[in-house]
Amino acid sequence: MAKNTIPKAYESKQYEDDMYAAWETSGFFNPDQLPGERTESFSIVLPPPNVTGTLHMGHAVMLALEDIMVRFARMRGKRALWVPGTDHAAIATQAKVERLLMKEGMKDPRRELGREAFLKRVEAFAAESHDIIVNQAKKMGASLDWSREAFTLDAQRNRAVNAAFKRMHEDGLIYRGDRIVNWCPRCKSTLADDEVEYREEKTTFYYFTYGPVVIGTARPETKFADKVLIVHPDDARYASWVGKEMEVEWIEGPVMAKVVADEAAEMDMGSGAMTITPAHSFVDFDLAKKYGFDIVKIIDEDGNLTAAAGSFAGKNAHAAREEIVAVLQKKGLVDHVDENYVHNLSVCYRCGEAVEPLPKLQWFIDVNKPFPFRASSHAPMEGVKDGQEVTLKGLMRHVVETGQIEILPDRFHKTYFHWIDNLRDWNISRQLWYGHRVPVWYREGEMQIGEKPQSDGWEQDPDTLDTWFSSGLWTISTLGWPDQTQDLRVYHPTSVLETGYDILFFWVARMILMTTYALGEVPFRHVYLHGLIRDEQGRKMSKSLENIIDPLEMIEKHGADATRLSLVIGTTPGNDTKLSEEKVAAYRNFANKLWNIARYILSSSSRVTPTGPAIGGEAESSLDAQSSREMTLADRWIASRFARVTDEVTRHLERYEFSQAGEKLRDFTWNELADWYLEVSKVPSQQRASLAGGPLRTDLLTTILSDLLKLWHPFMPFVTEALWSHMAIASDDANDVGAEGSFRRSLDSTGSAGLARDDSPVSAVGDLARDDSAQNLLMIQSWPIADLSQKDEQAERDFALLQQAITAIRNIRAQYQIEPKSFVDVRMETTDDHAAGVLEENWEIVQTLAKVKDIRSDAVQGVTAAAILGPLTIHVALPVDPVAERARLVKARDEKVRYIQTTQAKLENGDFVSKAPARVVEEMRAKLEMARGELEGIEKQMQEIASFSSTRFARSGSSQ
RNA sequence: GGGCGCAUAGCUCAGUUGGUUAGAGCGUUUGCAUGACACGCAAAAGGUCAGAGGUUCGACUCCUCUUGCGCCCACCA
């Protein structure tokens with residue numbers, strides 16, 4: 001006999017690292033090495049984590065979800081590729097290293113170290129982070145193809161960046177312009193519009209007398225060069241001033257102010273007149289451009305006042321505010337002050353520093369400029385012809401509008417369009433050091449685009465590119481672009497892009513922009529957006545709140561599988577999830593449950609063979625191996641249920657409904673397989689049937705187990721792989737013992753394709769890396785196909801009756817506090833021959849699971865506790881308290897009467913009967929019948945109690 | 001200001017084209033060392049599906065409005 005050497009509890013730590021090593025050495029993470037004919041590709045590129053430190057729960061969800069997709073695709077025989085990589089995250093990484101260096105005592109790390117030495121420090125930090133991240137991804141079980149690992153700042157990606165830049169420049173889409181941009185004085189760099197965040201802040205708001213009017217501002221320090229007064233064209237109060245100039249006393253003495261009419265001024269706002277600051281406000285800048293006003297820079301890149309501030313030049317702008325107000329105060333120009341003004345302060349999304357809008361000469365991508373579209377011959381986009389004039393904005397809109405890219409959940413389509421419609425030209429140059437250098441060279445007014453200059457004397461643009469420029473190319477740069485590689489042909493467009501909804505604009509939209517432009521293809525077909533992981537109270541996890549749940553810690557304590565499940569089940573795309581350690585522990589319990597289910601099946605079976613040899617194809621479920629044999633009701637029930645669940649789970653996974661797939665699997669595994677079928681399998685009669693007809697039950701059990709492990713594998717790769725190896729061991733042991741050879745023979749004679757497999761020995765855990773055993777890894781087994789011919793509605797109904805009967809008897813036992821070990825007598829009473837037959841045929845199951853002595857015992861007389869199931873009444877012989885029993889029955893009766901009334905009313909409604917589908921009407925009639933039967937049973941029982949207790953009361957006065 | 005989301009059992013959430021006597025996990029109560037599992041087993045309690053209207057034979061599900069919470073975008077000189 002196969003010895004059960006499987007430990008009692010699943011200790012994730014003892015398996016996970018070995019399992020991952022076995023997968024990795026098998027080479028199967030690389031789709032080129034997968035066995036079998038694989039014609040269909042499935043590809044995902046990993047959203048590259050920033051090399052700023054360690055992985056958090058957001059990364060963990062991402063890894064869990066994507067691994068489910070990839071493992072599922074791989075098991076379905078697809079060429080499944082998941083490309084790993086990391087993001088240099090220019091601004092974030094540089095800021096982080098700068099902070100570290102300042103902690104080490106440096107005041108201005110960039111200046112103190114110089115460009116080269118500074119970059120070395122950043123790179124060392126990035127390398128360290130990279131290693132940590134890779135290790136963490138492995139801990140999660142991510143089946144990433146490490147042989148294709150990429151980095152947004154490596155040489156290959158640099159070629160992609162330069163190629164894209166050059167082509168966009170040639171198409172006139174990249175231009176250099178002196179425009180107002182967001183400047184972070186701390187990062188000393190510009191930011192893209194969406195890299196600016198807003199924080200509500202209470203501040204002082206000043207009202208100053210400006211000539212004849214009062215103007216308001218929250219920022220007096222920007223007001224030095226305000227020389228234009230804007231009024232509304234319809235504003236009668238100021239109509240006579242328009243076009244005129246007037247002398248106005250101001251901070252540094254009198255200035256000449258021009259009055260201009262424009263709708264930008266709102267009449268009912270304050271005085272209805274305003275001055276503008278073109279150099280430090282986006283709105284004012286646009287106005288200045290419109291009218292050709294001077295754009296005078298007041299604040300410089302260090303946050304100091306410029307020469308335009310006269311005597312204040314060189315002072316820190318913020319610090320000078322008070323002084324400036326004091327000057328105006330002295331001149332009597334301060335009208336009044338509002339101390340409780342609330343405004344939106346714009347801050348840097350990386351360091352939180354207040355952002356200063358100021359004009360700078362920068363590189364931009366023009367999103368509105370028409371250019372001729374270059375169509376792809378490999379995966380052409382619908383609705384755009386080669387050479388057709390398009391804009392980047394138009395392309396981004398088009399591919400989503402036409403459904404060539406679908407976003408899940410679909411409400412994000414609207415958000416996406418709204419964002420595109422508001423999109424301005426994208427500022428792509430940064431004054432950071434860490435990043436792709438702008439591939440532009442200058443010499444005496446000349447300019448050259450490219451990686452290297454053609455001749456001497458050229459100087460490269462000192463700026464680097466926005467980190468999103470390189471990550472925007474991610475789907476194609478990881479697959480080899482700008483070269484026309486095999487990978488690009490085979491794996492592009494990628495199947496799905498899975499990421500958090502918070503970077504839909506930053507990244508997803510930019511990839512769409514870059515790829516539709518560069519390749520004329522969509523970068524991916526589907527976008528799956530997961531929600532944010534929050535703490536139990538729904539707060540964002542952050543260091544300052546100390547509410548971070550570390551995925552590594554969860555893996556350490558509860559296992560990677562439990563961590564994965566806790567992030568997948570109970571979550572829906574686009575919605576945030578609250579996570580707690582208890583939730584992870586709950587799934588740890590489930591992993592252990594699965595472990596013990598397998599342990600039971602493996603130890604109770606004489607021999608076990610994992611099924612499903614057809615690697616690279618879809619295995620036919622081997623349940624049909626049993627169909628010709630005699631199956632018990634429970635067998636037929638579980639086979640039917642399993643076929644259904646297999647089908648449902650597969651469909652859910654196809655539709656990216658991971659939570660529902662997992663939930664259905666869990667319910668089946670725990671509430672049906674373990675709680676019922678395994679319990680039934682312990683009933684002697686069920687075992688006898690097996691003995692009589694061969695190892696039938698065992699066969700069914702192991703078949704279900706092996707398919708169940710396959711279904712669970714994408715969700716819980718570690719436990720399932722560990723159990724799979726144990727199954728293989730068990731089967732191995734069995735082969736050594738020749739006594740059970742009949743099992744194999746009997747299988748061969750039935751010609752069961754599923755089980756008659758190459759039974760090459762599978763090694764123990766830890767040896768799995770051996771070449772000859774790699775083929776036996778669960779990760780490459782074929783996904784089960786639901787055998788819907790196993791669906792058996794009659795068996796499901798009959799077994800449900802059995803379950804109800806057992807539960808009802810148990811309920812009565814619990815209520816009357818019957819000793820758990822003692823058996824009770826039971827008598828059935830029914831007009832339904834079929835129901836009676838089902839219970840009689842399976843009475844041993846009832847006997848065992850409900851602890852029943854005899855099912856038609858004559859000992860059951862007088863008053864009983866009754867379980868009433870439709871036309872079936874089960875009397876349980878007990879010392880009954882008639883008063884309590886009556887109360888119970890009254891409650892049940894009232895409920896039943898209410899149900900019958902409403903149901904009857906519906907059925908008597910002509911509209912319902914004529915308009916509702918026949919199926920619904922039929923179902924309702926059947927339920928009504930059932931309820932009537934039950935009501936009858938209840939009333940009968942009430943009468944019995946009444947008559948019994950009256951005689952009894954007459955005799956002894958009281959029960960018990 | 002514009003847009004979006006969420007309100008279902010004490011807590012966390014499912015509920016797929018409208019048809020269940022509304023589900024799960026955790027927690028709670030009661031009982032149990034039953035031959036895989038106490039990370040377990042059995043039984044149970046707990047919901048006017050936020051509120052008000054409407055459409056429909058029928059609404060947790062669709063529409064309108066209200067209330068509360070949250071998010072995104074724009075932005076107020």
Side-chain angles (χ1 to χ4, degrees), chain A residues 4 6 8-10 194 198 205 215-219 226 230 264-266 269-277 281-284 341 343-344 409 411-412 414-415 418-419 422 501-502 504-505 532 536 538 558 562 569-572 574-580 582-583 585-604 651-652 655 657 659-660 663 666-667 670-671 674-675 678-679 682 806-807 810-815 817-821 848-851 895-896 898-899 902-903 906 909-917 919-921 923-924 927 931:
Chain A
N4 174 21
I6 309 175
K8 196 166 160 179
Y10 173 60
D194 45 15
Y198 297 91
F205 195 81
I215 57 153
T217 183
R219 306 202 55 198
D226 283 22
I230 308 275
E266 283 180 44
M269 195 100 146
S271 63
M274 66 175 184
T275 60
I276 60 166
T277 311
S281 153
F282 282 83
V283 180
D284 294 359
Y341 184 76
H343 77 148
N344 277 329
R411 67 184 136 92
F412 280 98
K414 212 172 197 170
T415 322
H418 183 252
W419 179 81
N422 285 304
Y501 65 77
D502 52 331
L504 176 62
F505 306 138
L532 270 42
E536 291 145 282
H558 307 297
I569 296 183
T571 69
T572 43
N575 292 326
D576 296 354
T577 312
K578 291 174 196 168
L579 184 72
S580 61
E582 290 79 72
K583 194 172 173 190
Y587 287 107
R588 186 266 330 265
N589 294 354
F590 176 71
N592 189 57
K593 186 73 185 182
L594 182 64
W595 181 261
N596 275 288
I597 287 168
R599 209 157 80 96
Y600 170 75
I601 293 174
L602 296 181
S603 66
S604 68
R651 287 216 311 268
H652 282 310
R655 295 189 210 133
E657 293 159 355
S659 178
Q660 289 181 63
E663 225 173 312
R666 188 202 353 131
D667 289 346
W670 203 320
N671 303 333
D675 288 350
L678 293 192
E679 291 310 316
K682 293 172 182 170
I806 290 165
T807 303
R810 284 169 170 172
N811 181 358
I812 289 168
R813 292 181 57 112
Q815 259 183 23
Q817 301 187 331
I818 303 301
E819 276 290 304
K821 277 176 190 156
T848 310
L849 299 192
K851 299 265 185 185
E895 216 170 87
K896 218 38 79 175
R898 230 176 295 128
Y899 179 69
T902 57
T903 310
K906 273 186 201 166
N909 182 334
D911 280 335
F912 171 70
V913 178
S914 61
K915 288 182 180 169
R919 183 184 54 82
V920 174
V921 178
E923 268 172 29
M924 197 154 284
K927 281 179 184 170

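Within every chain, numbering begins at 1; the chains are lettered A, B, ... in the order of the sequence lines, protein sequences first and strands thereafter. Just the heavy atoms: all of them, side chains too, but no hydrogens, waters or symmetry mates, feed the values below.
- Here A674(A) lies in heavy-atom contact (under 4.0 Å) with a base.
- Within 4.0 Å (heavy atoms only), S914(A) reaches no atom of the nucleic acid at all.
- One interatomic measurement links the two molecules: NZ of K593(A) to P of C26(B), which rounds to 11 Å at whole-angstrom precision.
- Ring geometry for F505(A) versus W419(A): interplanar angle under 30°, hence parallel rather than tilted (30 to 60°).
- Among the duplex regions that RNA chain B forms, those built from at least three successive Watson-Crick or G-U pairs under 3.5 Å are B:1-7 with B:67-73, B:10-13 with B:23-26, B:28-32 with B:40-44, B:50-54 with B:62-66, ordered by first number.
- Counting any heavy atom pair closer than 4.0 Å across all strands shown, E663(A) reaches sugar-phosphate atoms only and no base atom.
- Here T571(A) lies out of heavy-atom contact (under 4.0 Å) with every strand.
- For the atom pair CZ (R813(A)) and CZ (R810(A)), the distance works out to 9.5 Å, reported to the nearest 0.5 Å.
- At a cut-off of 3.5 angstrom, counting only N and O atoms as typed in the model, there is no donor on one side facing an acceptor on the other between the side-chain of K8(A) and the base of A38(B).
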Produce the list of close N/O pairs, under 3.5 Å, pairing protein atoms with atoms of nucleotides 16-19 of chain B; give distances to one decimal.
residue, atom, partner, partner atom, Å
U16(B), O2, E657(A), OE1, 3.3
U16(B), O2, E657(A), OE2, 3.4
U16(B), N3, Q660(A), OE1, 2.9

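- Using a 4.0 Å heavy-atom cutoff across all strands shown, S659(A) reaches no nucleic acid atom at all.
- Of the C1' atoms belonging to U55(B) and A14(B), the separation is 27 Å, rounded to the nearest Å.
- Contact annotation for A265(A): base contact, defined as any heavy-atom pair under 4.0 Å involving a base atom.
- The separation of C13(B) from A22(B), taken at their C1' atoms, amounts to 14 Å, rounded to a whole angstrom.
- Between R666(A) atom CZ and G15(B) atom C1' the separation is 14 Å, expressed in whole Å.
- E657(A) has a carboxylate O that lies under 4.0 Å from a charged side-chain N of R655(A), or vice versa, which qualifies the two as a salt bridge.
- Comparing C49(B) with G10(B), their P atoms sit 13 Å apart, to the nearest whole Å.
- The shortest distance between the side-chain N/O atoms of T903(A) and the OP1/OP2 oxygens of U21(B) is not below 4.0 Å.
- We find that CD of E582(A) is positioned 9 Å from P of G27(B), with the value rounded to whole Å.
- Backbone-only engagement by K927(A) is indicated by non-hydrogen atom pairs under 4.0 Å involving sugar-phosphate atoms exclusively.
- The nearest heavy atom of RNA chain B to A598(A) and to A591(A) marks one nucleotide each, and the one closer to the 5' end goes with A598(A).
- Nucleic acid contact class of K896(A) (heavy atoms, under 4.0 Å, all strands): base.
- Salt bridge annotation for E679(A)-K682(A): present, with a cationic side-chain nitrogen under 4.0 angstrom from a carboxylate oxygen.
- To the nearest angstrom, P of C11(B) lies 18 Å from CG of L579(A).
- Going from atom CD of E895(A) over to atom C1' of A45(B) covers 14 Å, rounded to whole Å.
- A side-chain donor-acceptor contact under 3.5 Å links N596(A) to the backbone of N592(A).
- Residue-to-nucleotide proximity on RNA chain B shows that, of Y587(A) and K578(A), the 5′-proximal contact is made by K578(A).
- Residue I597(A) contributes atom CD1, which lies 13 Å from atom C1' of C41(B) at whole-angstrom precision.
- A distance of about 16 Å separates the C1' atoms of A59(B) and G51(B), rounded to the whole Å.
- For K583(A) against C26(B), no side-chain N or O and base N or O form a donor-acceptor pair under 3.5 Å.
- For C57(B) and C41(B), the P atoms lie 47 Å apart once the distance is rounded to whole Å.
- Within the nucleic acid shown, D675(A) comes within 4.0 Å of sugar-phosphate atoms alone, with no base atom in reach, counting heavy atoms only.
- In this structure, E679(A) reaches the bases: a heavy-atom distance under 4.0 Å links it to at least one base atom across the strands shown.
- G15(B) and U20(B): their C1' atoms are spaced 11 Å apart (whole Å).
- Across the protein-nucleic acid pair, D502(A) atom CG and C4(B) atom C1' stand 16 Å apart, rounded to whole Å.
- The phosphate of G58(B) has neither OP1 nor OP2 within less than 4.0 Å of any side-chain N or O from K906(A).
- Nucleotides G25(B) and A43(B) place their P atoms 12 Å apart, quoted to the nearest Å.
- Between W670(A) and K593(A) the shortest heavy-atom distance is NE1-CE, 3.5 Å.
- Residue L504(A) holds its CG atom at 11.5 Å from OH of Y501(A), rounded to the nearest 0.5 Å.
- Comparing the P positions of U12(B) and G70(B) gives an interatomic distance of 15 Å, to the nearest angstrom.
- Taking each heavy atom of S659(A) and T571(A) in turn, the nearest pair found is CB-O, 3.2 Å.
- Residue N575(A) is in sugar-phosphate contact alone, with no base atom involved, counting any heavy-atom pair closer than 4.0 Å across all strands shown.
- If you measure from atom CZ of R813(A) to atom C1' of A42(B), you get 10 Å, rounded to the nearest angstrom.
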With 3.5 Å as the limit, what N/O pairs link the protein to nucleotides 70-75 of chain B?
residue, atom, partner, partner atom, Å
C75(B), N3, N344(A), ND2, 2.7
C75(B), N4, N344(A), ND2, 2.9

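- Nucleic acid contact class of R588(A) (heavy atoms, under 4.0 Å, all strands): base.
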